[in-house]
Trainee: 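Okay, here's the structure, questions in a sec.
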Number of protein chains: 2
Amino acid sequence: MNEHRKEVDTSPEAKAYKAKKYRTPDGVPADIVMFTLTKKERKTVTKTLPIRELKVMLIRRKSWPCAGMWALPGGFCRESESIYDAAKRELKEETGVDGGHLEYLGVYSTPGRDPRGWIISHAFFALVEEWMLESRQAADDAGEVGLFGIEEALNDLELAFDHRDIIRDAYMRIQKQMLHSTIARQFLPEQFTLSELYQVIQTVVPEFSEPNFIRKITSTRSRQGILEEVRDENGKPLSSNQYSQRPAQLYRFTDYAPLLSIYT
Amino acid sequence: MNEHRKEVDTSPEAKAYKAKKYRTPDGVPADIVMFTLTKKERKTVTKTLPIRELKVMLIRRKSWPCAGMWALPGGFCRESESIYDAAKRELKEETGVDGGHLEYLGVYSTPGRDPRGWIISHAFFALVEEWMLESRQAADDAGEVGLFGIEEALNDLELAFDHRDIIRDAYMRIQKQMLHSTIARQFLPEQFTLSELYQVIQTVVPEFSEPNFIRKITSTRSRQGILEEVRDENGKPLSSNQYSQRPAQLYRFTDYAPLLSIYT
DNA sequence: TGAATAGTGTCTCTGAGACAGTATTAT
DNA sequence: ATAATACTGTCTCAGAGACACTATTCA
């Protein structure tokens, strides 16, 4: 509804409407906080879950302003596209891939945030797979593209503009989303074990702690519905022993999204 | 942290930086969906809760474009202020009051959404009290300012630009917030009865239905903490019989905000 | 066999959910 | 007394939370 496509308005009022002589913004970029969950095999005797880490992709700025600092990938929005389209385009340019979760984060417009002028930035965050970032890393000089642990990025890096604020906000948002929605699926294969799911949640939200996680997720009626057991054609439960001695039941997310309320 | 105040950058790079000749936006307004909950006494024999309704304030546009249509109040952002500041200023101009809950909703940037040019609108929603809107209504001609029920606004009104989309999004957002946070307090006096709270929630989220609401809110350990009983100096529970024969215990919100999770 | 991870049995306590019953007040 | 709203008693069943126990596999 309300599809406002670009049309030329030829009414007399439109012609009479004088372009305002007000100061207008100098640019409206979309910046993207690209999260990925790295997986690193642990060298142990027995099978075990890989080490996972939440990482952010940053680019070292080459030119003024903030030359040499780390910055979020981004680019200016064009008149012919929406801000979301600009972010999608940017994400594709960075990864070469269309996929991945892309979500609007917010607007950053503090006066003076960009020395180039009146630049109003729109932040997004994306959840991508690690391999999607490799082409970008290969295309550039080493040292120009970096994958940083979220805490390292927030605490140890010199970041351009107000990108530290943006990354902090994105981190808080992804943590909230991790517990309120099923975006964990973005960091998991289609089929996964409950240990993997638990590990993914804990990697993004370190405070998350649920002894009896398996028991709860499988037994609670209210939670029933967000996950379902994977079965083969004959209805036999499928399991995987990729990460453990004893095979573990595989699950997948359903389309069901529960409603949360502080009052019930 | 990262306070980017406006400063003049006098570095050689800044001087060398040519203003881009790219097309830049023609304006960046902040539009506000102002919600209020009207209260109307019911004419019954006995005391009873008033009728509450969720309303949206709209303004009839006087000039091109969309002259004669209903539109959200709003105004263009200036270079010296953030978008949020612009919204706050706008809210104050409309209500004459500083108070009220003001929250960012999102950006609306579909190409062609505004015939005046490349106009990127930032939507906010505000929760104000009914009396705050009266000065605005008095200042204008009758018929230029309107308070509409949310469903009426969405279904029966001819709305300017993409304001129907914005109002719909704001409605969904306020419903979510009503269940996820304690913004219900914005629509209630500092002390209120549980029936009032229940009515407020139901007014904003008609689907919300909790038989045993009182029982749950007062007995559940996990919910304990968002509300507390009001007591006088001597520790005696305070109650009100404003809306009922039998006096009802008064409650107030605490500062506690519970964490929600689909997994626990 | 023992180690490592997955999952179950079981017990206790709390809360949900339903609904009848009691309490307090106005008329 | 009656009506209207605000609770409370009580019963049943489900889930939380803890922790010992069993299951499956690998070395």
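The model shown is predicted, which means the values in this text are computed figures rather than measured ones.
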Trainee: Report the distance from atom CZ of F192(A) to atom C1' of dA6(C), rounded to the nearest whole Å.
Mentor: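 It works out to 16 Å between those atoms.
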Trainee: Between dT8(C) atom C1' and K216(A) atom NZ, what is the distance in whole Å?
Mentor: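 Going from K216(A) (NZ) to dT8(C) (C1'), I get 17 Å.
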Trainee: Find the distance F213(B):CZ to dA16(C):C1' and express it as a whole number of Å.
Mentor: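 Checked: the CZ to C1' distance equals 15 Å.
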Trainee: Which atoms of nucleotides 1-7 of chain D (N or O only) lie under 3.5 Å from a protein N or O atom, and what are those distances?
Mentor:
from: dA6(D); atom 1: OP1; to: S195(B); atom 2: OG; distance (Å): 2.9
from: dA6(D); atom 1: OP2; to: S195(B); atom 2: OG; distance (Å): 3.2
from: dA6(D); atom 1: N3; to: R246(B); atom 2: NH1; distance (Å): 2.7
from: dC7(D); atom 1: OP1; to: Q249(B); atom 2: N; distance (Å): 3.2
from: dC7(D); atom 1: OP2; to: Q249(B); atom 2: N; distance (Å): 3.4

Trainee: Excluding sequence neighbours, so at least two apart, what forms side-chain contact (heavy atoms from CB on, under 4.5 Å) with N212(B)?
Mentor: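 Expected list: R215(B).
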Trainee: Report the distance from atom CD1 of I217(A) to atom P of dA6(C), rounded to the nearest whole Å.
Mentor: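 Roughly 15 Å, once rounded to whole Å.
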Trainee: Taking side-chain contact (heavy atoms from CB on, under 4.5 Å) as the definition, give me every residue that meets it alongside A153(B), ordered by chain and number, with sequence neighbours left out.
Mentor: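 By the side-chain contact (heavy atoms from CB on, under 4.5 Å) rule, A153(B) matches L58(B), F148(B), L157(B).
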Trainee: Please list, in numerical order, the residues of residues 228-240 of chain A that have a heavy atom closer than 4.0 Å to any atom of DNA chain C.
Mentor: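 Here the set is empty: none.
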Trainee: Please give, in whole Å, the distance from dT27(C) P to N241(B) CG?
Mentor: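 My rounded result for the distance is 10 Å.
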Trainee: Which pairs, with at least one residue in residues 94-107 of chain B and sequence neighbours excluded, count as a salt bridge (Lys or Arg N to Asp or Glu O under 4.0 Å)?
Mentor: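 Salt bridge (Lys or Arg N to Asp or Glu O under 4.0 Å) check on residues 94-107 of chain B returns K92(B)-D98(B), E94(B)-R136(B), E103(B)-R173(B).
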Trainee: Taking the side chain as every heavy atom from C-beta outward, state whether F125(B) and D169(B) have any atom pair closer than 4.5 Å.
Mentor: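 F125(B) vs D169(B): side chains apart.
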Trainee: Could you tell me which residues satisfy ring pair (Phe, Tyr, Trp, His ring centres under 6.0 Å) with Y251(B), sequence neighbours excluded, listed by chain and number?
Mentor: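 None.
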Trainee: With F192(B), which residues qualify under ring pair (Phe, Tyr, Trp, His ring centres under 6.0 Å), at least two apart?
Mentor: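 Per chain and number, F192(B) pairs via ring pair (Phe, Tyr, Trp, His ring centres under 6.0 Å) with F253(B).
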Trainee: Just jot down the ring pair (Phe, Tyr, Trp, His ring centres under 6.0 Å) partners of F213(A), sequence neighbours excluded, or say none.
Mentor: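 Partners of F213(A) by the ring pair (Phe, Tyr, Trp, His ring centres under 6.0 Å) criterion, ordered by chain and then number, come out as Y198(A).
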Trainee: Could you write out each protein N or O paired with an N or O of nucleotides 18-21 of chain D at a distance under 3.5 Å?
Mentor:
from: dA18(D); atom 1: N7; to: N212(A); atom 2: ND2; distance (Å): 2.8

Trainee: Which residues satisfy the side-chain contact (heavy atoms from CB on, under 4.5 Å) test with T46(B), sequence neighbours excluded?
Mentor: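 Here the qualifying residues are Q245(B).
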Trainee: Between H122(A) (side chain) and V107(A) (backbone), is there a donor-acceptor pair under 3.5 Å?
Mentor: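 Checked: no pair found.
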Trainee: Could you note down all residue pairs passing salt bridge (Lys or Arg N to Asp or Glu O under 4.0 Å) where residues 245-254 of chain A supplies at least one of them, sequence neighbours left out?
Mentor: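 Every pair satisfying salt bridge (Lys or Arg N to Asp or Glu O under 4.0 Å) with a residue in residues 245-254 of chain A: E190(A)-R252(A), E228(A)-R252(A).
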Trainee: Could you list all the salt bridge (Lys or Arg N to Asp or Glu O under 4.0 Å) pairs where at least one residue sits in residues 193-208 of chain A, not counting sequence neighbours?
Mentor: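 Applying salt bridge (Lys or Arg N to Asp or Glu O under 4.0 Å) to every pair that reaches into residues 193-208 of chain A, excluding sequence neighbours, yields R52(A)-E196(A).
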